[in-house]
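Report on one structure; see the data block that follows.
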Amino acid sequence: MDLRDFIEKCEGAGELKRIKVEVDWNLEMSHIAKLNEERGGPALLFEKVKDYPNQVLSSVCTTTSRLALIMDMPKNTSLVELMREWVKRTVNKIPPKWVASGPCKENVMKGDQINLLKFPVPKCFPRDGGRYLGTTAYTVSKDPETGWLNIGVYRLQLLDEKNLGTQFIKGKHADLMLQKYRALKKPMPVIVGIGGDPLFFLMGAARLPAFESEFDFAGAIRGRPVEVVKGETVDLPIPSDAEIVIEGEVDPEATKPEGPLGEYTGYYSGIGSTPRSFIKVNCITHRNNPIFWFTTVGRAVTDTHMTMALGYGATLWQELEAMRIPGIKAVYCPPEGAGRFIAIIAVKQMYPGHANQVGTAAISTEMGAYGLKTVIVVDEDIDPWDLPRVLWALSFRFQPSRAQIIDRGRSTPLDPSLAIDQRDITSRIIMDATIPFEWKEKPVLIELDPEIVKKVKAKWSELGL
Ligand SMILES: Cc1cc2nc3c(=O)[nH]c(=O)nc-3n(C[C@H](O)[C@H](O)[C@H](O)COP(=O)(O)O)c2cc1C
Ligand SMILES: [Mn+2]
């Protein structure tokens, strides 16, 4: 499945709207997408964008139904079931398959022909520092020592015809690799894709463990190897059917001003621009009539938050399984918390301290160790996505004195609840909303008499209800 197949699939399922009137790439297109996403609307295909001949796709991941279409699952599958399926499918990884060529090589631009302004790159919000070419774009890089291939979605600002600003946050996999290139005094080669199988956006945005390749996870989710071609100027793989491919290098010592961009927290993490690493572009290849794809980011809940809720939730769940902790029934990272600040975990308790183990394990996973602030552990009778029931458990099973506060942990510079110059370190809270396993006398749950319930249900219409 490439992006074009996916567009067709969405259209067939009544999940896509073609926008035929002309829209401006400067604010208007993103505002239409954002307002549409806030209403849980369809994916949008802008067919007429001012100044450009290309079609532009947005709002792909806003609803669980379209995430299900990407995962090849029935449209009505719930977010938690998608996560469960992700965990199941990714047990056995499948490495990619190299092919000689593909549609992404239909057009090749090198040297003076390189011009990033050829693409209909949106400016999203008025206070943004510029236009962002990369919001669904995924960056591939390689560990110079081990050969580990990583895919990460890192925003890419259109600085000029030949340069893209980056923001590899400290500790992200591209940052870990760039640190190694710095020590070697070499530039880091990168290859960036837009489009191809939409799964690559989900893979790049998912917080998979270090040393694992997102290509192998993509193969596992598809149940077959994904097909990749080599770059023209870099020895790196990219999906052969990507719409747009950008090849270049990152000089570990050089910076250009980048940002700000309206982020998924609903805030700007920086005031004005910040000096950051950038990609110097050495080659662009693209399909004929390339389709551009963007996401609006911005405040919850949109496209980006749904993507994160799926990818982050599934990764947390998978890491807890990998730790061989028994009794994990379900994991839910609400999109309202961008799938990362809050995790709710249901556990079937089997021994004293089990719920505490689950809570501390969650913040010790790679996923949880980065920016997860609140963990709520509930008993197996509570579905973690059923927020009214979670609040019920927090009201009647949780005791503040049993909460555990951890003072220091890895944070994200994007968290607006921390002072702007103190965002390296965060605190966390584990809220145990389970009934303690070791209690001999447990609170007695009020239940209805099942026989009477049956009788009453049979009489329902007679009761005039
Ligand atoms: C639209 C969007 C934009 C993102 N922008 C950035 C970014 O600029 N920098 C960053 O470090 N992470 C960004 N992320 C989050 C990363 O994609 C995510 O942390 C991912 O795990 C990074 O890959 P890695 O784990 O291989 O480092 C973004 C995610 C999305 C969905
Ligand atoms: Mn990674």
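Both ligands and their constituent atoms are indexed starting at 1 by order of listing.
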Under 2.8 Å: N/O/S of Glu212 next to the Mn ion (ligand 2):
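No - counting backbone and side chain alike, Glu212 has no N, O or S atom under 2.8 Å.
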Do any of the N, O or S atoms of Ser213 sit under 2.8 Å from the Mn ion (ligand 2)?
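False for Ser213.
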Looking only at side chains, do [X] and [Y] share a donor and an acceptor under 3.5 Å apart?
X      : Y      : result
Asn107 : Asn288 : yes
Ser65  : Glu15  : yes
Glu232 : Thr285 : no
Asp128 : Tyr268 : yes

Just to confirm my numbers, could you give the angle made at the Mn ion (ligand 2) by OE2 of Glu214 and OD1 of Asn150, rounded to 10°?
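Centred on the Mn ion (ligand 2), the OE2/OD1 angle is 90° (to 10°).
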Judged on heavy-atom distance to [atom], which of [options] sits nearest?
atom                    : options                        : value
atom 27 (O) of ligand 1 : Tyr154, Phe168, Phe294, Tyr312 : Tyr154
atom 26 (O) of ligand 1 : Thr136, Thr315, Asn150, Thr295 : Asn150
atom 1 (C) of ligand 1  : Leu208, Thr135, Leu414         : Thr135
atom 9 (N) of ligand 1  : Arg207, Gln167, Arg276         : Gln167

Numbered atoms of ligand 1 (with element) below 4.0 Å of [X], judged on heavy atoms:
X      : result
Gly152 : 23 (O)
Glu214 : 26 (O)
Ala206 : 20 (C), 21 (O)

Take atom NZ in Lys162; do more than 12 heavy atoms of anything else shown fall under 6.0 Å from it?
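Check passes, neighbour count above 12.
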Validation row, ring centre Phe168 to ring centre Tyr154 under 6.0 Å
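Yes: the rings meet the under 6.0 Å criterion.
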Which residue and atom name correspond to the protein heavy atom nearest [atom], and how close is it?
atom                    : value
atom 20 (C) of ligand 1 : Gly204 O, 3.3 Å
atom 25 (O) of ligand 1 : His173 ND1, 3.4 Å
atom 14 (N) of ligand 1 : Val153 O, 3.1 Å
atom 12 (N) of ligand 1 : Lys172 NZ, 2.8 Å
atom 5 (N) of ligand 1  : Arg155 N, 3.4 Å
atom 31 (C) of ligand 1 : Thr304 CG2, 3.6 Å

Nearest 0.5 Å, what's the CE-OG distance between Met323 and Ser364?
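One finds 5.5 Å between CE of Met323 and OG of Ser364.
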Mind checking whether Phe119 and His286 have parallel, tilted or perpendicular rings, split at 30° and 60°?
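If you compare the ring of Phe119 with that of His286, the planes turn out perpendicular.
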Name the orientation class of the two ring planes belonging to Trp293 and Phe201 (parallel below 30°, tilted from 30 to 60°, perpendicular beyond 60°).
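Rings of Trp293 and Phe201: perpendicular, over 60°.
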So is [X] close enough to ligand 1, meaning a heavy atom under 4.0 angstrom away?
X      : result
Glu263 : no
Gly134 : no
Thr307 : no

Is any side-chain heavy atom of Ser269 less than 4.5 Å from a side-chain heavy atom of Glu263?
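Result yes, sub-4.5 Å side-chain heavy-atom pair found.
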If we set the cut-off at 4.0 Å for heavy atoms, which region of Ile151 has an atom near ligand 1: side chain, backbone, both, or neither?
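The part of Ile151 near ligand 1 is the backbone, not the side chain.
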Below a 4.0 angstrom heavy-atom separation, can you tell me which part of Ile169, side chain or backbone, both or neither, approaches ligand 1?
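The answer is both, backbone and side chain.
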Salt bridge (charged side-chain N to carboxylate O under 4.0 Å, His left out), paired with Glu11, selected from Lys17, Arg18, Arg4
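One option only clears the test, and that one is Arg18.
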If I consider every N, O or S atom in His173, which one ends up closest to the Mn ion (ligand 2)? I only need its name.
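Closest N, O or S atom of His173 to the Mn ion (ligand 2): ND1.
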Under 6.0 Å from the six-membered ring centre of Tyr312 and within 45° of its axis: does the NZ or CZ of Arg340 meet both?
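Ring-cation test returns no.
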